[in-house]
Amino acid sequence: MKPFSIFNTLSRKVERFEPLKPPTVTLYSCGPTVYLPQHLGNMRAYLFVDTLKRALRFHGYDVRHVMNITDVGHMTSDEDAGEDKVEKTARAEGKSPREVADFYIAQFKRDCAALNIELPPDADSTDHVSPPQSVLCRATENIGAMIALIERIIAHGYAYVAASGVYFDVEKWRGAARVGRLSRQSLDEQHAGQRLEHSPDKKSPHDFALWVLNQPGHLMQWDSPWGRGYPGWHIECSAMSMKYLGETLDIHTGGLDHIPIHHENEIAQSESATGHPFARYFVHNAFLVGMEGAKISKSAGKFPLVADLVAQGVDPLAFRLFCFGAKYRSELVFSLDALRAAQTNLNYFSEFASNVPDEAVAGPDSEWTAGYLERFSAELADDLNTPRALAVALELVHEAYTRNDKSIWSALHKLDSVLGLKLDERRLAAHAQFPAEILELQKKRDQARAERDFNRADALRKELFSRGYEVKDIPGGSTIAPRRNP
RNA sequence: GGCGGCGUACCCAAGUGGCUAAGGGAGAGGUCUGCAAAACCUCCAUUCAGCGGUUCGAAUCCGCUCGCCGCCUCCA
């Protein structure tokens with residue numbers, strides 16, 4: 001099997017991927033901030049992580065995946081002033097921050113399920129985790145880990161306590177020559193000529209808050225060694241990733257926009273505390289962009305959601321396929337035409353799967369499928385080249401059709417472990433026992449056809465369609481299946 | 001001002017020095033078919049924003065020009 005390789009933002013190169021302790025891979029990805037629904041641009045990012053995870057498994061790795069849920073700490077202006085977004089929504093909706101977070105977490109989980117994005121299980125309340133563990137964890141439930149991490153940073157001399165909060169000492173970190181590894185920008189470049197309001201407590205405008213103090217207007221506050229307050233917005237990722245996955249991660253993912261600030265700061269915090277590398281591979285996904293080529297963002301106001309796909313008659317899994325059509329590092333242009341193209345491809349796979357008989361599932365595959373598995377695997381190994389991997393999958397089905405050989409189920413099923421199109425479910429649905437009245441209608445229609453009463457036959461087909469079933473004529477009879485497009 | 005990226009057919013999109021510029025969708029024609037659906041076959045970029053250069057050879061490297069976008073502030 002071709003060794004897996006992936007683009008590492010740290011080196012700006014496609015690198016051979018080698019985890020610290022194979023076959024285990026520790027993977028941390030920045031998750032949602034839960035004060036608004038996740039739009040399709042966000043979903044592309046989670047889809048990318050899901051695909052990476054599935055591809056790594058395809059290559060035999062045992063992936064331990066942690067995703068955070070930010071239910072506190074993101075400010076509307078900069079990192080140590082302004083209003084907490086969760087709180088802002090809470091006030092607007094007359095709910096508690098916890099209720100707001102719960103509401104959007106539930107929606108996030110539903111949307112992920114619709115796209116067949118596998119989320120890690122919810123974290124239980126365990127404090128110490130020795131073998132790396134897959135969890136979906138909330139910031140507000142890990143305040144203790146954050147405080148402990150901040151204490152370590154202070155103990156190492158990289159943070160200081162001021163009246164308005166605990167700040168990370170960026171100048172000191174710069175002295176250690178460790179600034180700008182990801183963004184390739186020096187501090188002076190970063191803020192050249194910028195309007196940057198900053199607290200007079202800070203030694204340098206580049207310093208960022210680890211813990212915020214004396215903001216009595218905030219609803220969410222916790223006790224800490226420095227007083228009542230709340231965490232800064234970078235610290236949760238450092239604290240939770242280390243808690244569940246250990247102090248050096250194999251892979252850290254996120255959107256491109258996280259490179260210059262969020263991940264740069266995460267590295268600074270984590271490495272100043274532990275003294276060793278935070279993450280070995282940083283992998284960043286590009287954006288889904290609107291038809292005018294502009295980024296779709298939360299603050300921009302308008303953006304499509306998973307629910308909008310359904311409203312357009314597009315299966316959410318077609319959105320998966322649509323995203324497969326471009327590499328994760330390329331901007332992808334959102335268009336209805338391209339989505340429909342993906343829907344057509346989904347139907348192609350689905351139709352084939354529906355017609356695979358039980359014997360072909362139980363029996364061995366034809367030997368000609370082996371090459372497809374190898375090519376598929378190689379394309380994934382090449383920096384997750386999903387467009388080519390998808391092309392291989394389409395070719396496999398195409399060849400099965402032209403050979404009229406349905407003995408490819410094991411191979412197809414294996415590909416679907418990465419594609420995530422739920423082909424097995426589709427096959428089973430097509431083989432399900434249909435209600436007797438439906439079968440009766442089908443029978444009546446077959447009869448009408450046999451008697452060449454085509455008006456009656458067409459009426460019965462319409463009747464079945466309106467009840468959610470599609471009949472197709474085949475030599476000597478017909479087949480029936482649930483309607484594809486809802 | 002600084003940093004980064006993009007421009008490949010009607011649409012989405014691979015390909016970053018050398019076999020015929022992947023693949024999908026749309027479109028056209030055909031096979032099959034009572035019709036429909038599905039499937040299959042054929043066609044569909046002498047050309048990669050433009051110009052110039054390097055090279056035996058470039059969509060791929062270099063330079064310039066034009067157009068577009070992201071980040072530097074919460075953002076996938």
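On a predicted model such as this, the values are computed, not experimentally measured, just so you know. The chains referred to below are lettered A, B, ... by the order of the sequence lines, with proteins before strands, and numbering in each begins at 1.
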S.K.: Measure from the side chain of Trp233(A), starting at C-beta and using heavy atoms only, and say which of rC74(B), rA76(B), rG4(B) lies closest.
M.R.: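 The answer is rC74(B).
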S.K.: If you only use heavy atoms from C-beta on, which nucleotide in rC12(B), rA76(B), rG15(B) is closest to the side chain of Ala45(A)?
M.R.: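 It is rA76(B).
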S.K.: In whole Å, what separates the P atom of rU42(B) from that of rC6(B)?
M.R.: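 Pairwise P distance, rU42(B) against rC6(B), rounds to 35 Å.
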S.K.: For Asn404(A) and Thr402(A), test the side chains for any donor-to-acceptor distance below 3.5 angstrom and give the result as yes or no.
M.R.: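 No donor-acceptor contact under 3.5 Å links the two side chains.
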S.K.: Taking atom P in both rU60(B) and rU55(B), compute the distance separating them and give it to the nearest angstrom.
M.R.: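 Each nucleotide's P atom is 16 Å from the other's.
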S.K.: Remember a base hit wins even if backbone is also touched, and classify Ser330(A) as base, sugar-phosphate or nothing at under 4.0 Å, heavy atoms.
M.R.: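 Touches sugar-phosphate only.
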S.K.: Nearest of rC72(B), rA37(B), rA76(B) to any side-chain atom of Gln38(A)?
M.R.: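 The listed nucleotide nearest to Gln38(A)'s side chain is rA76(B).
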S.K.: Apply the salt bridge (charged side-chain N to carboxylate O under 4.0 Å, His left out) test between Asp383(A) and each candidate in Arg388(A), Lys2(A), Lys327(A); give the one that qualifies.
M.R.: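 Of all the options given, the one that passes is Lys327(A).
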S.K.: Between rA13(B) atom C1' and Arg44(A) atom CZ, what is the distance in whole Å?
M.R.: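 After rounding, the gap between these two atoms is 11 Å.
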S.K.: Within residues 370-378 of chain A, which residues have any heavy atom lying less than 4.0 Å from an atom of RNA chain B?
M.R.: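 Output list: empty, so none.
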S.K.: Quick one: is the NZ or CZ of Arg329(A) closer than 6.0 Å to the six-membered ring centre of Phe7(A), and within 45° of its axis?
M.R.: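 That pair qualifies as a cation-pi contact.
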S.K.: Output the rounded distance in Å from CZ (Phe7(A)) to P (rU16(B)).
M.R.: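 Whole-Å distance recorded here is 14 Å.
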S.K.: Please name all residues satisfying salt bridge (Lys or Arg N to Asp or Glu O under 4.0 Å) with Glu425(A), sequence neighbours left out, ordered by chain then number.
M.R.: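 If we apply the salt bridge (Lys or Arg N to Asp or Glu O under 4.0 Å) test to Glu425(A), skipping adjacent residues, there are no hits.
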S.K.: Which whole number of Å gives the distance between the C1' atom of rA49(B) and that of rG5(B)?
M.R.: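 Straight-line distance between the two C1' atoms is 16 Å.
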S.K.: Just jot down the side chain to side chain donor-acceptor pair (under 3.5 Å) partners of Glu395(A), sequence neighbours excluded, or say none.
M.R.: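 Expected list: Arg375(A).
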S.K.: For His39(A) and rC74(B), what is the distance between atoms NE2 and P respectively, to the nearest whole Å?
M.R.: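 In whole Å, rC74(B) P and His39(A) NE2 are 16 Å from each other.
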S.K.: Reading RNA chain B from 5' onward, which residue's closest nucleotide shows up sooner: Leu332(A) or Thr344(A)?
M.R.: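 Taking each residue's closest nucleotide, the earlier one in sequence belongs to Leu332(A).
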S.K.: Given the C1' atoms of rA59(B) and rG7(B), what is the spacing between them in whole Å?
M.R.: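 Result for the C1' pair: 12 Å, nearest Å.
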S.K.: Please give, in whole Å, the distance from rA9(B) P to Asp337(A) CG?
M.R.: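 Computing the Asp337(A):CG to rA9(B):P distance gives 15 Å.
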S.K.: For nucleotides rC12(B) and rG57(B), find the distance between their C1' atoms and express it as a whole number of Å.
M.R.: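 My reading of the C1' atoms in rC12(B) and rG57(B) gives 31 Å.
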S.K.: Just to verify, what does Arg110(A) make a side-chain contact (heavy atoms from CB on, under 4.5 Å) with, not counting sequence neighbours?
M.R.: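 Expected list: Ala106(A), Gln107(A).
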S.K.: Tell me, please, which residues at least two apart from Gln442(A) pass side chain to side chain donor-acceptor pair (under 3.5 Å).
M.R.: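 For Gln442(A), the residues satisfying side chain to side chain donor-acceptor pair (under 3.5 Å) (neighbours in sequence not counted) are Ser478(A).
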S.K.: So Asn345(A), base contact, sugar-phosphate only, or nothing? Heavy-atom distance under 4.0 Å.
M.R.: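 Sugar-phosphate only.
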S.K.: Measure from the side-chain heavy atoms of Lys327(A) and tell me the nearest of rG15(B), rC12(B), rA76(B).
M.R.: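 When the side chain of Lys327(A) is considered, rG15(B) is the closest of rG15(B), rC12(B), rA76(B).
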S.K.: Do the side chains of Arg445(A) and Asp453(A) get close enough for a salt bridge, i.e. N-O under 4.0 angstrom?
M.R.: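 A salt bridge is absent here (no side-chain N lies under 4.0 Å from a carboxylate O).
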S.K.: Please report the distance, rounded to the nearest Å, between CD1 in Ile480(A) and C1' in rA37(B).
M.R.: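 One finds 14 Å between C1' of rA37(B) and CD1 of Ile480(A), rounded.
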S.K.: List the residues meeting salt bridge (Lys or Arg N to Asp or Glu O under 4.0 Å) with Arg340(A), not counting sequence neighbours, and say none if there are none.
M.R.: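 Arg340(A): no salt bridge (Lys or Arg N to Asp or Glu O under 4.0 Å) contacts found.
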S.K.: With heavy atoms under 4.0 Å as the rule, sort His398(A) into base, sugar-phosphate or nothing.
M.R.: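 It contacts sugar-phosphate atoms only.
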S.K.: Go ahead and write out RNA chain B as dot-bracket, 5' to 3': ( ) for pairs within the strand, [ ] for ones crossing earlier pairs, | when the partner sits on another strand, dots for unpaired; Watson-Crick or G-U wobble, both distances under 3.5 Å.
M.R.: ((((((((.[[[..)..(....]]].(((((.......))))).....[[[[[..)....]]]]])))))))....
S.K.: Are any of the side-chain nitrogens in Asp458(A) or Lys462(A) under 4.0 Å away from the carboxylate oxygens of its partner?
M.R.: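 Between Lys462(A) and Asp458(A) there is no salt bridge, as every charged N stays at least 4.0 Å from the carboxylate O atoms.
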S.K.: Heavy atoms from C-beta onward define the side chain here; which of rA76(B), rC12(B), rG25(B) lies closest to that of Asp257(A)?
M.R.: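 Of rA76(B), rC12(B), rG25(B), rA76(B) is nearest to the side chain of Asp257(A).
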S.K.: So, using salt bridge (Lys or Arg N to Asp or Glu O under 4.0 Å) as the criterion, who are the partners of Arg403(A) when residues are at least two apart?
M.R.: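 Glu399(A).
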S.K.: Looking for any heavy atom pair under 4.0 Å, which part of the strands does Tyr348(A) touch: base, sugar-phosphate only, or nothing?
M.R.: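 Sugar-phosphate, no base atom in range.
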S.K.: Determine the interatomic distance between C1' on rU20(B) and the same-named atom on rU46(B); round to the nearest Å.
M.R.: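 About 11 Å, rounded to a whole number of Å.
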S.K.: Rounding to a whole Å, what distance do you find between Leu40(A):CG and rC12(B):C1'?
M.R.: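 From Leu40(A) CG to rC12(B) C1': 16 Å.
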S.K.: Supply the atom-to-atom distance Leu384(A) CG to Tyr328(A) OH, rounded to the nearest 0.5 angstrom.
M.R.: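 Going from the CG atom of Leu384(A) to the OH atom of Tyr328(A) covers 6.5 Å.
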S.K.: Could you check Thr402(A) against Gly31(A) and say which one's nearest nucleotide on RNA chain B is further toward the 5' end?
M.R.: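 Taking each residue's closest nucleotide, the earlier one in sequence belongs to Thr402(A).
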S.K.: Asn355(A) CG to rC40(B) P: how many Å, rounded?
M.R.: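 Those two atoms, CG and P, are 12 Å apart.
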S.K.: Hydrogens and angles aside, do Gln269(A) and Ser238(A) bring a side-chain donor and acceptor to less than 3.5 Å of each other?
M.R.: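 Short answer, yes.
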S.K.: C1' atom, rA58(B) versus rG15(B): distance in rounded Å?
M.R.: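 My reading of the C1' atoms in rA58(B) and rG15(B) gives 13 Å.
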S.K.: Using a strict heavy-atom distance below 4.0 Å, which residues from residues 386-397 of chain A are in contact with RNA chain B?
M.R.: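 Under 4.0 Å from RNA chain B: Pro387(A), Arg388(A), Ala391(A), Leu394(A).
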S.K.: With sequence neighbours excluded, tell me which residues meet side chain to side chain donor-acceptor pair (under 3.5 Å) with Tyr281(A).
M.R.: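 Expected list: none.
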S.K.: Taking only the C1' atom of each, what is the distance from rA13(B) to rG24(B) in whole angstrom?
M.R.: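 Taking atom C1' in both rA13(B) and rG24(B), they lie 8 Å apart.
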S.K.: Is any side-chain nitrogen or oxygen of Asn404(A) closer than 4.0 Å to OP1 or OP2 of rA39(B)?
M.R.: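 Answer no for this pair, as no side-chain N or O of Asn404(A) is under 4.0 Å from OP1 or OP2.
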S.K.: With salt bridge (charged side-chain N to carboxylate O under 4.0 Å, His left out) as the rule and sequence neighbours excluded, what pairs involving residues 27-40 of chain A come up?
M.R.: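 For residues 27-40 of chain A: none.
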S.K.: Answer with yes or no whether the side chains of His263(A) and His234(A) bring together a donor and an acceptor at under 3.5 Å.
M.R.: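 On atom types as modelled, these side chains do not qualify, holding no pair under 3.5 Å.
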S.K.: Quick one: Phe324(A) CZ to rG24(B) C1', roughly how many Å, whole number?
M.R.: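 Interatomic distance, CZ of Phe324(A) to C1' of rG24(B): 14 Å.
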S.K.: Return the polar atom pairs (N/O with N/O) between nucleotides 32-35 of chain B and the protein under 3.5 Å, or none.
M.R.:
{"from": "rG34(B)", "atom 1": "O6", "to": "Arg449(A)", "atom 2": "NE", "distance (Å)": "3.4"}
{"from": "rG34(B)", "atom 1": "N1", "to": "Asp458(A)", "atom 2": "OD1", "distance (Å)": "3.1"}
{"from": "rG34(B)", "atom 1": "N2", "to": "Asp458(A)", "atom 2": "OD2", "distance (Å)": "2.8"}
{"from": "rC35(B)", "atom 1": "O2", "to": "Arg461(A)", "atom 2": "NH2", "distance (Å)": "2.4"}
{"from": "rC35(B)", "atom 1": "N3", "to": "Arg461(A)", "atom 2": "NH2", "distance (Å)": "3.3"}
{"from": "rC35(B)", "atom 1": "N4", "to": "Asp473(A)", "atom 2": "OD2", "distance (Å)": "2.3"}

